[in-house]
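Have a look at the structure below, then the notes.
Just so it is clear: chains get the letters A, B, ... in the order the sequence lines come, proteins before strands, and each one is counted from 1. The basis for the numbers below is simple: all heavy atoms, side chains too, and nothing from hydrogens, waters or symmetry mates.
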Number of protein chains: 2
Amino acid sequence: MRTEANTNGKMGRPRGFDEDTALDAAMRVFWEKSYEGATLSDLTDAMGINRSSMYAAFGDKEALFRLATTRYANGPAAYLREALEKPTLREVIESTLRGTADFLSNPDNPRGCFSVQAALACGTDAESVKQAMIEFRKHGDAAVKRRLQQAQRDGELETGVNPADFSRYLGTLVQGLGIQAANGATKAELHRVVDLALRHMGY
Amino acid sequence: MRTEANTNGKMGRPRGFDEDTALDAAMRVFWEKSYEGATLSDLTDAMGINRSSMYAAFGDKEALFRLATTRYANGPAAYLREALEKPTLREVIESTLRGTADFLSNPDNPRGCFSVQAALACGTDAESVKQAMIEFRKHGDAAVKRRLQQAQRDGELETGVNPADFSRYLGTLVQGLGIQAANGATKAELHRVVDLALRHMGY
DNA sequence: GCACTTCTGGACTAAAAAGTCTAAAAGTTT
DNA sequence: AAACTTTTAGACTTTTTAGTCCAGAAGTGC
């Protein structure tokens, strides 16, 4: 099987698959079926590798899931980080909501938002995974909050508004859109929800 | 064991538990752990009954879940139907959002919204349950839409606004609040999100 | 009190899950 | 090409799951 030369300096047979490609496939399965709903067979089938290879390369199901989460943040969900880097508050907000509507209706992605679909509620032995996803979502809200504090320093956001509250409000809209998408809302429908949200915010 | 007289007209030993009480307990378990995450033992333990009694009284796990869903709609979620009966549009909207914030921070309820927590994403053999919950949520949005159409006839909602879009917008807020609650947002925090939403809508 | 019917407890079954193990295959280095 | 190391395939194990079964308990109506 063709592979690049062994990168880790060690000898031995090189891995017959690309870790990142396999991880992408696993991410999609978790996204569609949730942590508990995805079986090891679902995962390895999609990844195109054997069970042993999965365990050797990634550890176990939970470790694979955590890696998939990171990959989600840096891959499909990177648009959110980029939105926060826009120069003005207005652009930040528009780009966050428009980007979300586009993201959620991208036919290449499973319906809904990974961070909500994957492990919102679950059985007792997936409790740690659920907790990790809570932290993941809070982490996102915190990044928005910091950007809003910046906007407040820039005089773009009235001082009467609490950045933590406003970030929770934006998070509510973004994650609410995720549920609408999971319900099957189309791209146009999601954008019309964003139209209303923006209009109400005065944009 | 004390029971009312046999209501179904037939003879035999009467049921040793109250169906509705047991169903409430099952509903809570599904709400906390999701359909797939709730094991039969979780359920029967919470219901305080034996496995055989559960199967005899409710059918199987999926049938129990569907009954629990109906009970949710008529019990804890009834506040939403009541909100739609308010005389003015403003009251409908305020009551929906305020009611949701209260509902989601009621310490007697599990965190989050049953209709989202219970089966948003799941494995292949729970697909039908997932679909049923999509219908459940859409059904709710449709009821809001009808109320908004009424408001439009009453001249309370500008004719330029599409009731279907506006109902999706409200659904986005309500379900987004559910995720915030699942993240651990407090009652005050949820109400401050609602403050922002209402203020932006001009209320 | 007796015949009858339905419920109940708990052991049992079958299927599916995650995770392990071993022998063979496939590269790498010298 | 030979020695070495790691990967791979797939069978295997263990645990957990939903669902079944049956013997006995507990009511009802006459």
Answer yes or no: is there a donor N or O on one side and an acceptor on the other, between the side chain of A:Asp42 and the main chain of A:Ala38, under 3.5 Å?
no
Of all the choices, C:dT8, D:dA18, C:dA25, which nucleotide is nearest to the side chain of B:Asn50 once you look at every atom?
C:dT8
Quick note, A:Arg13 side chain, CB onward, closest among D:dG19, D:dG27, D:dT7 is D:dT7
Taken to the nearest whole Å, CD/B:Glu19 to C1'/C:dC7 is 13 Å
Figure out the OH/P separation between A:Tyr55 and D:dT7, and round it to whole Å.
17 Å
Any donor and acceptor pair, going by atom type alone, linking the side chain of A:His139 with main-chain N or O of A:Glu135 inside 3.5 Å?
no
Could you check whether any side-chain N or O of A:Arg51 sits under 3.5 Å from a backbone N or O of A:Leu40, counting only pairs where one atom can act as donor and the other as acceptor?
no
Atom CG of B:Asp60 to atom P of D:dG19: distance rounded to whole Å?
5 Å
Flag for B:Arg147-B:Gln150: side-chain donor and acceptor within less than 3.5 Å:
no
For DNA chain C, whose closest nucleotide is more 5', that of A:Glu62 or that of B:Ala56?
B:Ala56
Indicate, with a heavy-atom threshold strictly under 4.0 Å, whether B:Ser52 touches base, sugar-phosphate, or nothing.
base
Does one side chain, of A:Ser95 or A:Tyr79, offer a donor that lies under 3.5 Å from an acceptor on the other?
no
Residue A:Phe17, side-chain heavy atoms: nucleotide from C:dG19, D:dT8, C:dC7 that is nearest:
D:dT8
A:Leu64 CG - C:dG19 P separation (whole Å):
10 Å
Note: B:Arg168-B:Asp141 ion pair, threshold 4.0 Å (strictly below)
no
Heavy-atom nearest nucleotide on DNA chain C taken for B:Ile49 and for B:Asp125; more 5' hit belongs to B:Ile49
Quick one: B:Met54 CE to D:dA18 P, roughly how many Å, whole number?
9 Å
Separation of A:Arg51 atom CZ from D:dA11 atom P, in whole Å?
12 Å
What nucleotide, of C:dT8, C:dG19, D:dT7, holds the atom closest to the side chain of A:Lys61?
C:dG19
Separation of C:dT6 P from B:Arg15 CZ (nearest whole Å)
11 Å
Interface with DNA chain C, restricted to residues 22-36 of chain B and to heavy atoms under 4.0 Å
none
Roughly how many Å is it from CG in B:Asp45 to P in D:dA18, rounded to a whole number?
12 Å
Crowded around B:Lys61 NZ? As in, over 12 foreign heavy atoms under 6.0 Å?
yes
